[in-house]
Structure formats: C-alpha cells, structure tokens
Peer 1: 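Below is one structure. I have some questions about it.
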Amino acid sequence: MYTIGVNYGQLGDNLPPPRRAVELIKSMRIGKVKIYDANPAILGQLANSDIEVCVMLPNEQIVAVANNATLAEMFIRNNISTFYPATPIRTLLVGNEILSGPNQTWPYLVPAMINLHKALRKLRIRKIKVSTPLAMDMLGGPLFPPSNASFRTDIAQTVMKPMLRFLHHTNAPLFVDVYPFFARENDATHISLGFALFEPDAGIYKDVNSLEYHNLLDVQLDAVFAAMERAGFPKIRITISETGWPTREDLDERGASIHNAALYNRRLVKRALSNPPLGTPRRQGELIDTYFFALFNEDLKSGPTTERNWGLLYPNGTHVYDIDLTGYLNESQYKTLPNSPVEVPPGQLKLWCIANPDINATVLGGALSYACGAGSADCEPIQPGQPCFFPNTTLSHASYAFNDYYNRFHKSGGTCVFGGAANLTTNDPSEFSFAFHCLTLSPA
C-alpha cells in the first residue's frame with residue numbers, strides 16, 4: 001500500500017515531545033517520516049511500528065565522514081545499529097541541500113555517501129539506502145522547457161555525475177526538495193496560481209518534445225529527470241523529500257494561505273497515492289514517494305513568515321486545516337475553506353522596509369551594523385554631513401539602511417527581517433515622520 005511521508009522538523013521551542021509527536025503521526029496514518037538528524041528519542045518512539053524512517057547525517061559532519069571510514073562506521077553503529085531493525089530505518093540521507101550552500105563541502109558529499117554505504121554493508125545492513133536531498137537550484141538555466149534542463153555547470157561533472165553513478169550502482173533514488181510555491185512566487189508574471197495548485201482549468205503547457213503539462217510540480221520533476229538523462233542516467237528514480245505550501249506570508253510574499261495550502265496538499269495526496277501510479281509526463285506510471293513539509297509549524301526557523309508556517313499541525317497538535325493523508329477523501333467531502341486574500345499583481349505593491357521601534361536598542365544597533373557592513377547596504381547618505389544624517393537617531397539610520405538593503409536585494413532573496421529588527425509597511429513612512437524622508441519605495 002502506498003503511503004504519504006512527512007518531514008518532522010524540530011526547530012521550535014513549543015513542540016510536543018517525541019512520544020506525543022509520534023502519536024499524532026500514527027493518528028494521521030502517515031507511513032513515512034524523515035528527520036534532520038538521528039535523534040535517539042524520536043527513533044526510539046518509532047520502534048516496533050510500520051512507519052518507514054529516513055535519518056540524516058548533519059551537514060557539519062560530512063567532511064569528517066568523507067575523510068575517515070572509521071568515523072563513518074562509528075556513525076552507523078551509534079545512530080543506526082542501536083535502533084535498527086526495531087525502528088524501520090530505510091534511508092540514510094547525507095546532509096541537507098548541500099549544493100545550495102558554500103562550495104567547500106561539495107567535494108566531500110559523494111565520498112561521505114560512499115563511506116557510509118560501505119559501513120552499512122560491513123555491518124551487514126543491506127536494506128538501508130544512502131542518498132542526499134537536493135534543492136531545485138541544482139539545475140542551471142530556466143525551468144521551461146523542462147526537457148532542456150541540465151545541472152549547473154559548477155556541479156555537473158564534479159559532483160552530480162559521481163553521485164548519480166553511486167545512486168545507479170546502489171539502486172537508490174535521488175531525493176529532491178520540490179516547491180511549486182517558490183517557483184511560482186519567483187515568476188508570478190508567467191506562472192499562474194492555478195497551475196501551481198493543480199487546478200483542472202489552469203491550462204496546458206506543451207514542451208518542446210510535445211509532452212503536455214497540467215501542473216507546475218510535473219514540470220519541476222521532469223526537469224530533474226531530463227537533467228539526469230542528459231548526464232547519462234535515465235533510470236534513476238526520484239523521491240520528493242520536501243514539498244508543501246505555507247499558510248501565512250509577509251507583505252512581499254504571494255500565494256501563502258490556509259486555502260491554497262489545503263488545496264495543494266490535498267490534491268497532491270490524491271496524486272501521490274494513485275493506484276496505479278501516475279508518474280509524470282516524462283516518467284508515466286512511475287511511483288514517486290512523497291514527503292510533505294512539514295509536520296509542525298516551527299517558530300524558531302529564521303527568515304520570512306512563510307518559513308515558520310509550513311506545518312500540517314500547530315505545535316499543540318491541532319490541524320492547521322483538514323487533510324486526509326490516506327487519499328480516501330475527495331475534495332468535495334471537505335468543509336468549505338476560508339477565502340484566500342486577493343493578490344496584488346506583480347510590481348504594483350509599494351513597500352518600505354523600516355526599523356521596528358519596539359526592538360531592543362542593542363539588537364537594533366547590531367542589525368544596523370550588519371546592514372551597513374556584511375549586508376552591503378549603501379550607508380554613505382546617513383554619515384555626518386550627508387543629506388540623510390538627520391535626524392541622528394539609531395531608529396532613523398537603521399530604517400534608511402534596512403530599506404536600502406531591501407531595495408537592492410529583495411528580488412534576489414533579501415528579506416526585511418534583520419532578526420526581528422525590521423518590518424515591511426505599505427504606508428509611506430515619509431508622510432507621518434520626517435525621520436523617514438530619505439526612504440524610497442520598493443515595488444514587489
């Protein structure tokens with residue numbers, strides 16, 4: 001029987017203990033769980049269950065394990081052998097989205113995977129696969145058309161080919177974090193919300209090879225399949241290691257709501273559990289295991305509001321929205337959802353990033369120093385003798401620096417957060433205070 005998986009993250013200070021979390025997982029009839037370490041309390045609670053488990057070697061341990069086969073064996077003995085087979089661990093993931101971070105670790109990723117695989121075999125553990133989860137930024141160039149996709153030139157030969165060769169030889173899937181939410185948010189002018197939400201009337205995209213696409217997720221998956229084929233590995237499977245839809249957003253984000261999250265996740269459950277499997281236009285009929293992100297809203301995650309609002313559950317265990325993870329319920333059988341906010345067309349929302357007047361002065365000063373230093377904001381106008389020096393207050397200077405940073409970098413991923421020291425506003429600050437007379441708007 002096909003089952004849905006879920007990512008059980010732990011970046012919250014109000015999450016239930018593992019025992020309660022596993023009770024909730026079982027009550028939702030979730031068949032697979034992925035965690036971001038090898039937490040012994042969680043693995044202990046999952047013992048003697050039918051829930052398949054993915055564990056992870058943390059990013060910071062990759063280099064050491066790659067360089068030392070003994071350390072790889074110690075990791076297996078301490079974190080897997082202790083629990084296996086009572087806890088049905090099925091996959092060991094090496095790092096998390098390593099190729100999206102600094103390149104110093106990249107050369108060690110595949111050697112670490114090889115060492116861990118050898119350690120598992122040395123200890124006669126043959127039913128646990130080794131893989132790694134990668135983000136969609138492993139691809140270079142545009143997403144459309146998916147048939148033309150290829151891996152980034154800085155990783156194609158040095159990392160991806162050896163990795164795919166390893167996955168092919170060990171019959172393991174490539175784990176991919178696939179988020180139509182982000183792809184659509186980054187190109188809302190050309191990608192409709194309906195195409196990202198599996199709307200039946202969202203239109204059809206015809207690829208250069210005449211394959212027809214009815215939703216954005218299939219486009220993303222087939223882009224990865226095409227890239228693997230171009231690299232010489234046409235038969236490696238994909239597991240969706242993360243996907244989902246957030247329920248809350250900041251002013252400069254678009255599409256996040258309870259309504260949209262429920263539609264995306266409910267419809268994806270039906271697709272993922274179809275029997276026989278649907279696959280994609282490029283890989284018709286192929287089963288693609290799917291892990292939703294995430295089990296809980298996690299309040300300690302940094303970044304924009306969406307980062308803390310991907311959960312199927314609130315930390316108290318109540319549902320953010322109704323969802324049947326067995327795939328039995330049809331869409332018409334759910335209660336009516338709250339309406340989603342009307343989106344402002346791209347480029348028409350006027351935003352300013354200003355300092356939070358209620359933040360601790362030390363925190364505000366530190367954020368100002370970051371914006372003018374490592375953040376690369378242009379802070380020359382707030383220096384003594386320059387036009388924006390007055391009023392000479394930390395609040396005024398910080399607002400100028402935050403707003404300049406946001407104007408420069410928000411289209412390439414910069415946010416108006418600064419550790420809680422900044423807020424976005426749609427109201428022109430210069431209209432109610434001279435302190436903000438130098439701020440310019442940023443169209444979102």
Side-chain angles (χ1 to χ4, degrees), residues 3 5 7-8 31-40 42-44 46-99 105-134 138 155 157-176 228 231-241 286-289 291:
T3 58
N7 285 272
Y8 176 6
K32 305 178 185 73
V33 171
K34 173 171 158 272
I35 59 177
Y36 293 85
D37 51 20
N39 186 302
I42 296 174
L43 294 178
L46 289 166
N48 304 310
S49 73
D50 294 327
I51 299 171
E52 297 181 2
V53 183
C54 292
V55 298
M56 185 176 290
L57 175 81
N59 290 1
E60 59 270 19
Q61 296 184 34
I62 289 176
V63 174
V65 167
N67 286 328
N68 192 322
T70 301
L71 285 179
E73 183 177 336
M74 287 176 59
F75 180 86
I76 300 299
R77 289 186 183 276
N78 295 336
N79 298 283
I80 291 182
S81 297
T82 304
F83 302 97
Y84 181 84
T87 299
I89 300 169
R90 293 292 178 262
T91 308
L92 169 56
L93 298 171
V94 181
N96 188 46
E97 297 187 347
I98 281 296
L99 301 184
T105 310
W106 300 354
Y108 300 95
L109 178 56
V110 177
M113 295 169 71
I114 292 171
N115 277 350
L116 289 165
H117 174 76
K118 288 180 177 179
L120 286 166
R121 295 303 178 264
K122 181 179 179 179
L123 297 173
R124 299 183 179 180
I125 300 174
R126 300 190 176 278
K127 293 185 178 181
I128 296 178
K129 300 291 186 183
V130 176
S131 188
T132 187
L134 301 178
M138 70 178 119
I155 60 172
Q157 298 298 322
T158 56
V159 183
M160 292 308 302
K161 272 208 170 181
M163 179 194 301
L164 294 173
R165 190 176 300 115
F166 168 82
L167 296 176
H168 173 74
H169 287 324
T170 61
N171 194 29
L174 176 65
F175 278 62
V176 184
M228 291 196 295
F233 297 91
K235 295 184 179 180
I236 293 176
R237 293 168 291 119
I238 283 178
T239 289
I240 299 177
S241 45
E286 184 163 312
L287 176 64
I288 301 175
D289 284 333
Y291 290 78

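By convention here, the first residue in the shown sequence is residue 1.
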Peer 1: Lys122 vs Ile76, test: side chain to side chain contact (heavy atoms under 4.5 Å, CB included). Steps then yes/no.
Peer 2: CA-CA 10 Å; Lys122 181 179 179 179; Ile76 300 299; over 6 Å; no

Peer 1: Can you check whether Ile288 reaches Arg237 side chain to side chain, under 4.5 Å on heavy atoms?
Peer 2: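 Of all side-chain heavy-atom pairs linking Arg237 with Ile288, none is under 4.5 Å.
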
Peer 1: Could you please spell out the steps behind the side chain to side chain contact (heavy atoms under 4.5 Å, CB included) verdict for Met113 and Thr170?
Peer 2: CA-CA 11 Å; Met113 295 169 71; Thr170 61; over 6 Å; no

Peer 1: Do Phe175 and Thr91 touch side chain to side chain, with heavy atoms closer than 4.5 Å?
Peer 2: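 Counting from C-beta outward, Phe175 and Thr91 do come under 4.5 Å.
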
Peer 1: Would Tyr108 and Ile98 count as a side chain to side chain contact (heavy atoms under 4.5 Å, CB included) if you check the C-alpha gap in whole Å, the side-chain angles of each, and the deciding distance to 0.1 Å?
Peer 2: CA-CA 10 Å; Tyr108 300 95; Ile98 281 296; over 6 Å; no

Peer 1: Between Asn68 (side chain) and Ala64 (backbone), is there a donor-acceptor pair under 3.5 Å?
Peer 2: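 Answer holds: no.
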
Peer 1: Under a 4.5 Å cut-off applied to non-hydrogen side-chain atoms, are Met138 and Val176 in contact?
Peer 2: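 SC-SC contact between Met138 and Val176 confirmed.
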
Peer 1: Which heavy-atom pair separates Ala66 from Ala112 by the least distance, and what is that distance?
Peer 2: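 Closest heavy-atom pair between Ala66 and Ala112: CB-N, 3.6 Å.
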
Peer 1: A side-chain contact here means heavy atoms from C-beta on lying under 4.5 Å apart; do Leu43 and Tyr84 qualify?
Peer 2: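 The answer is no; the side chains never approach within 4.5 Å.
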
Peer 1: With a 3.5 Å distance limit and no angle check, can you tell me whether Ser131 reaches the backbone of Pro173 through a side-chain donor-acceptor pair?
Peer 2: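 Yes, the answer is positive, given that a donor and an acceptor are paired below the 3.5 Å cut-off.
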
Peer 1: For Asn78 and Phe83, which heavy atoms make the closest approach, and how far apart are they?
Peer 2: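 Reported closest heavy-atom pair: O-CE1, 4.4 Å.
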
Peer 1: Would the distance check show the side chain of Arg90 and the main-chain N or O of Ile51 forming a donor-acceptor pair, the cut-off being under 3.5 Å?
Peer 2: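 It does not hold such a pair.
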
Peer 1: State, to 0.1 Å, how close Ala38 and Ile35 come at their nearest heavy-atom pair, and which atoms those are.
Peer 2: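 Looks like CA-CD1, 4.2 Å.
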
Peer 1: I'd like to check Val130 versus Phe166 (side-chain heavy atoms, cut-off strictly below 4.5 Å). Are they in contact?
Peer 2: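 They are in side-chain contact.
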
Peer 1: Stepwise, does the side chain to side chain contact (heavy atoms under 4.5 Å, CB included) test hold for Leu92 with Phe75?
Peer 2: CA-CA 11 Å; Leu92 169 56; Phe75 180 86; 3.8 Å; yes

Peer 1: Please report the shortest heavy-atom distance between Thr132 and Leu174, naming the atom on each side.
Peer 2: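 Closest approach of Thr132 to Leu174: O-CD1, 4.0 Å.
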
Peer 1: Without hydrogens or angle criteria, can the side chains of Thr3 and Lys32 be said to hold a donor-acceptor pair below 3.5 Å?
Peer 2: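 Yes, Lys32 and Thr3 have a side-chain donor paired with an acceptor closer than 3.5 Å.
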
Peer 1: Measure from the side-chain N and O atoms of Thr82 to the backbone N and O of Arg77, and report whether any donor-acceptor pair falls under 3.5 Å.
Peer 2: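 Answer holds: yes.
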
Peer 1: Do the side chains of Thr158 and Pro107 get nearer than 4.5 Å, heavy atoms only?
Peer 2: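 No - every pair of side-chain heavy atoms lies 4.5 Å or more apart.
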
Peer 1: Please list, one pair per line, the donor and acceptor atoms closer than 3.5 Å that link side chains of residues 53-62 to other protein atoms, with sequence neighbours excluded.
Peer 2:
{"residue": "Asn59", "atom": "OD1", "partner": "Asn96", "partner atom": "N", "Å": "2.6"}
{"residue": "Asn59", "atom": "ND2", "partner": "Asn96", "partner atom": "O", "Å": "3.4"}

Peer 1: Could you report the tightest heavy-atom contact between Ala72 and Leu116, atom names first, then the distance?
Peer 2: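 For Ala72 and Leu116, the tightest heavy-atom pair comes out as O-CD2, 3.8 Å.
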
